[in-house]
Amino acid sequence: MSAILKRRFGLALIASLALAACGSEPNPAVDYLKGVVGGAKTDSNAGGVVTADQTAQVLAATPSPVEFVNIEARNSQALMIGIEQNGPYSTYGTAARQSLVLRSGMITATRGLGGDLMSSEEDALLRAVQSRQAGNAGYQMHFLTPGDETKTLSFQCSVVPGGTQAIKAGEINSGGTVMTATCRGEGGQFDNTYVVDKRGTILAGRQWVGFTIGFIGTQALRR
Amino acid sequence: MPKSRSARSRLKFWVPGAAAGIATAVSAFSAYGQETPFVPSRNSFGVPGLIDMPTAEVDPDGTLSATMAKIGDSTRTTITFQITPRLSGSFRYTGIENFNHPASNADGVYYDRSFDLRYQLIKESDYLPSVVIGLQDFVGTGILGGEYIVATKSVAPGVKITGGLGWGRLGSYNSFGTTGSRPNVVLATGGVPTYDRWFRGPVAGFAGITYAPNSKWNFSLEYSSDNYTEETRLGQMSKDSPWNFGVDYRWKSGSQLSLYHVNGNEVGAQFSIVLNPKTFGIPGGNEPASYPVRVRPAGSANDLGWVGNDAVAASAKSELRALTQKDGLTVEGLHLEARRATVRLVNPTYGAPSQAIGRTARAMSRTMPTSVEEFVVIPVVNGMAMSAVTMRRSDLERLEHDNADAMLARTAISDAYGRLPKADPGIYPKFNWSLGPYLAATLFDPNNPVAVRGGLRATADWEVAPNITVSGSVTTKLFENGNGAIRQSESALPRVRTDAPLYKQADNAIEYLTVALHGRPGKNLYSRLTFGYLEPMYAGVSGEILWKPVNSRLAIGAELNYVQRRDFDMGFGLQDMVTVDPVTGARREIPNLNGHISAYYAFGNGFHGQVDVGRYLAGDYGATVAIDKEFANGWRIGAYATKTNVSAEDFGEGSFDKGIRFTVPFATLLGTATRRTDNITVQSLSRDGGAKLSVRGRLYDQVREYHEPDVARSWGRFWR
């Protein structure tokens with residue numbers, strides 16, 4: 001008396017199936033495997049090292065704001081171009097449709113990077129950083145879990161001013177105060193660092209963006 | 001943010017060290033490690049334990065594991081699922097070689113299925129151990145049957161001690177007392193709870209200690225109370241010592257490879273893989289970003305100059321269609337009014353309905369005339385309007401950078417009956433096809449425990465009109481393992497499923513070839529009529545109607561089928577409904593009519609229940625109860641059981657139909673947006689009682705997806 005294992009595709013055979021199957025609909029598994037075979041990873045589109053020539057080309061090619069972005073753990077750099085503005089929130093994107101949202105230079109969200117920061121409660125932290133004085137601020141980050149639930153990480157940040165730092169990059173030739181926010185919360189702590197000019201704009205920063213992405217460095221090349 | 005676009009001529013081309021300036025400016029960054037939930041080691045029975053003995057350790061909620069262990073002549077393959085934070089269940093398939101039992105196959109291998117349940121009574125605290133009560137093989141033939149109460153306590157870093165009391169198999173060595181009497185026969189058919197045995201008979205103690213010097217290695221020592229009585233009596237195993245030793249190598253995910261020395265004379269090995277749908281995969285996926293919301297210029301919301309200008313409306317529609325297409329979505333129609341835009345949406349891409357809706361809404365914000373304030377998105381499946389999701393454009397503009405909950409609170413989901421814009425001309429008919437390899441497996445046949453067939457499969461869907469679909473699938477078999485011999489067993493019922501092996505011999509087969517009509521006969525109502533070759537064994541007509549209010553957790557459905565038996569060659573031919581038993585020669589007739597009334601209920605805590613009551617294929621009457629644990633990302637793990645007015649004796653091995661089932665969304669495996677899923681059903685046995693027609697496209701799963709409970713559950717993906 002046999003029982004039946006009903007399935008449309010064998011999981012163990014996804015690879016062979018996906019590579020062999022064809023049809024009228026695009027097959028995401030094929031793209032994925034091509035990426036794996038070709039050595040591309042999630043950050044491939046933003047990947048590589050940005051050269052001076054590329055920077056020049058991008059600045060020449062667009063009148064829009066340009067931000068240099070470095071995902072440290074992936075050793076992946078990209079130039080992102082301002083594509084939309086919603087109140088104080090600026091969305092920057094790559095051609096591969098990965099995006100970053102900055103509010104006065106502070107990262108408040110990412111999209112398409114894998115493990116995205118979905119949104120933040122950054123009001124207090126941003127105010128504290130912009131003040132260029134020592135202070136404390138609450139800070140919350142919202143993520144999706146692999147199970148598609150929303151997970152909120154809450155932190156208390158202690159913000160301290162450091163020295164001044166010159167920023168010469170792209171069209172930016174300025175400088176500001178180095179502000180370090182040491183944030184403690186569920187499960188650990190991290191240090192975010194920002195260079196803030198007199199108008200309260202973050203010209204450059206290094207910010208923790210969650211367990212999956214880690215730290216992202218940003219620097220304005222044109223505002 | 002102030003913008004400076006001047007002074008391009010004074011550019012200094014600044015290179016990679018963008019972060020270099022920053023790096024010099026900052027001191028040390030502390031590492032922020034991700035905590036991975038600890039998954040305890042599994043024993044040879046595939047549950048948290050030492051070597052053969054269980055411990056009171058408990059998996060994180062949602063953990064799914066598969067374990068294969070071999071000790072001497074005994075091979076155990078176990079799937080364990082942590083159903084709730086305290087309750088877990090296991091399904092096991094055991095093979096014992098050299099076993100002198102009437103049910104053993106020609107090679108002397110005895111195969112047996114078993115189910116376990118474990119419940120945590122006390123959670124570990126500073127002073128108290130974790131305490132678990134367990135039932136092993138509690139509905140099977142009883143050969144692995146045993147019960148236990150076990151306690152485990154961490155006593156030093158990496159050191160845990162365990163002690164427990166066992167009954168049945170776990171009370172068989174060096175017992176120190178008895179609690180009542182325990183029937184000790186190995187049941188012939190099994191499949192019903194053996195409650196007359198639980199915690200009865202001889203009771204023995206077991207104990208163990210584990211030491212994990214780091215996260216990779218784990219050493220175990222146990223005193224086993226399992227005497228391997230049946231394996232000694234009917235097989236060639238024996239017990240020389242109660243002391244077992246083992247070592248596990250553990251991966252970060254919790255997967256493990258183990259070696260052990262058991263019974264003083266056997267060497268054993270085991271491999272376990274562990275996966276948790278809650279924590280497996282890339283959080284939020286890897287798919288590209290959507291387009292951001294475009295905020296209307298201040299004061300433009302009252303610009304009604306475009307109204308009545310068909311060109312503006314037409315261009316808005318084509319822009320919307322182009323933008324959504326880049327997101328893998330299809331806008332089939334648009335009804336544009338001065339203040340409201342209603343979209344007819346088909347979502348072939350996203351598993352989470354909220355993500356399809358959120359991306360459509362953002363595309364609308366970039367394309368609709370500025371006076372349009374109300375966005376209505378109506379997802380369509382098989383021509384049926386599933387729900388009307390109504391949002392205010394100013395809310396989208398205001399809440400884009402807030403937590404997704406804020407937008408959910410401002411979104412209304414209502415019945416779309418009568419509100420669906422027509423599909424634009426030229427969209428239908430649609431034709432989709434695919435060609436690829438297939439693999440099918442039949443498990444648990446004692447003569448060929450894993451019978452595998454494979455070949456090529458071609459499928460096609462021709463959507464003649466939005467609600468009329470012609471679908472077909474043909475296969476050609478290229479290989480199969482074993483000798484292809486048909487194992488035909490005796491049945492006391494019309495052979496509605498025990499004849500399945502005859503169909504599996506077909507080299508070229510039409511799996512199905514159907515015409516399906518879908519409709520919305522009224523508010524809260526959905527309908528399906530399917531006719532043709534409905535499944536591999538039956539052709540006919542299947543009609544279904546479903547009542548499901550859009551905000552309700554409850555749905556009620558009814559299905560009525562008129563079937564005719566197909567020829568064994570799975571071609572176009574049909575045959576009469578009289579089956580002949582190959583063992584007894586008995587002729588029995590399959591009735592043409594079968595069907596069910598079904599109730600579906602989403603409990604809202606991740607659990608989903610379904611009850612079907614009706615007449616099954618063989619003409620038997622009864623009910624099926626199914627419970628599934630559902631994850632927001634689309635994983636489902638569940639179990640079902642069917643009891644009809646067929647006696648356990650007439651049903652045969654297993655006593656009644658039951659099984660476990662899994663739905664695996666490919667998106668979580670691949671990290672990209674895809675609606676493809678893998679549905680796997682492991683039936684404990686395929687018998688003729690409680691068998692259902694396997695018609696495709698039952699309504700409920702299509703309908704619930706775009707209704708309020710499911711949309712709200714995955715709402716976190718609205719802005720993804």
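Because the structure is a prediction, the values reported are computed rather than measured. Throughout, protein chains are lettered first and strands after them, A, B, ... in sequence-line order, and every chain is numbered starting at 1.
A donor-acceptor pair is defined here as one N or O able to donate and one able to accept, closer than 3.5 Å; no such pair exists between the side chain of A:N86 and the backbone of B:V295. A donor-acceptor contact shorter than 3.5 Å is absent between the side chain of A:D148 and the backbone of B:F631.
Within the 4.5 angstrom heavy-atom criterion, atoms from both the backbone and the side chain of B:R720 approach chain A. Using a 4.5 Å cut-off between heavy atoms, B:F662 does not touch chain A at all. Contacts of B:R366 with chain A are made by side-chain atoms alone, with heavy-atom separations under 4.5 Å and no backbone atom involved. For chain B, no part of A:Q140 is nearby; none of its heavy atoms comes within less than 4.5 Å. For A:T91, the part sitting under 4.5 Å from any heavy atom of chain B is the side chain, from C-beta outward, and nothing else.
Among all heavy-atom pairs drawn from B:G284 and A:L144, the shortest one is CA-CD1, 3.8 Å. Nearest heavy-atom pair across A:R97 and B:K326 is NH1-O, 3.2 Å. Nearest heavy atoms, A:G114 versus B:N286: CA-OD1, 3.3 Å. Here the closest heavy-atom approach between residue A:G147 and residue B:A632 is recorded as O-CB, 3.3 Å. For the pair A:A96 and B:P288, the tightest heavy-atom approach, listed with the atom from each and the gap, is O-CB, 4.1 Å.
Highest contact tally toward chain A, considering only B:A451, B:G281, B:P292, is held by B:P292 [criterion: heavy-atom pairs under 4.5 Å]. Options B:N633, B:T459, B:L456 differ in how many heavy-atom pairs under 4.5 Å they form with chain A, and the most are formed by B:N633. Taking chain A as the reference chain and counting heavy-atom pairs below 4.5 Å, the highest number among B:N403, B:T349, B:V293, B:T279 is found for B:N403.
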Worksheet entry | Step-by-step side chain to side chain contact (heavy atoms under 4.5 Å, CB included) determination, A:R111 to B:W719 | CA-CA 9 Å; A:R111 292 291 184 277; B:W719 292 118; 3.5 Å; yes
Could you go through the side chain to side chain contact (heavy atoms under 4.5 Å, CB included) check for A:T150 and B:D405 one step at a time?
CA-CA 9 Å; A:T150 295; B:D405 285 353; 5.6 Å; no
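Here salt bridge (Lys or Arg N to Asp or Glu O under 4.0 Å) pairs that include residues 275-284 of chain B, with residues two or more places apart or in two chains, are B:D61-B:K278.
Rounding to the nearest 0.5 Å gives a distance of 7.5 Å between CD of B:E400 and CD of A:E84. Distance check, rounded to the nearest 0.5 Å: CG of B:D402 to OG1 of A:T108 gives 10.0 Å.
Annotation: ring pair (Phe, Tyr, Trp, His ring centres under 6.0 Å) contacts of A:Y89 (sequence neighbours excluded): B:H401.
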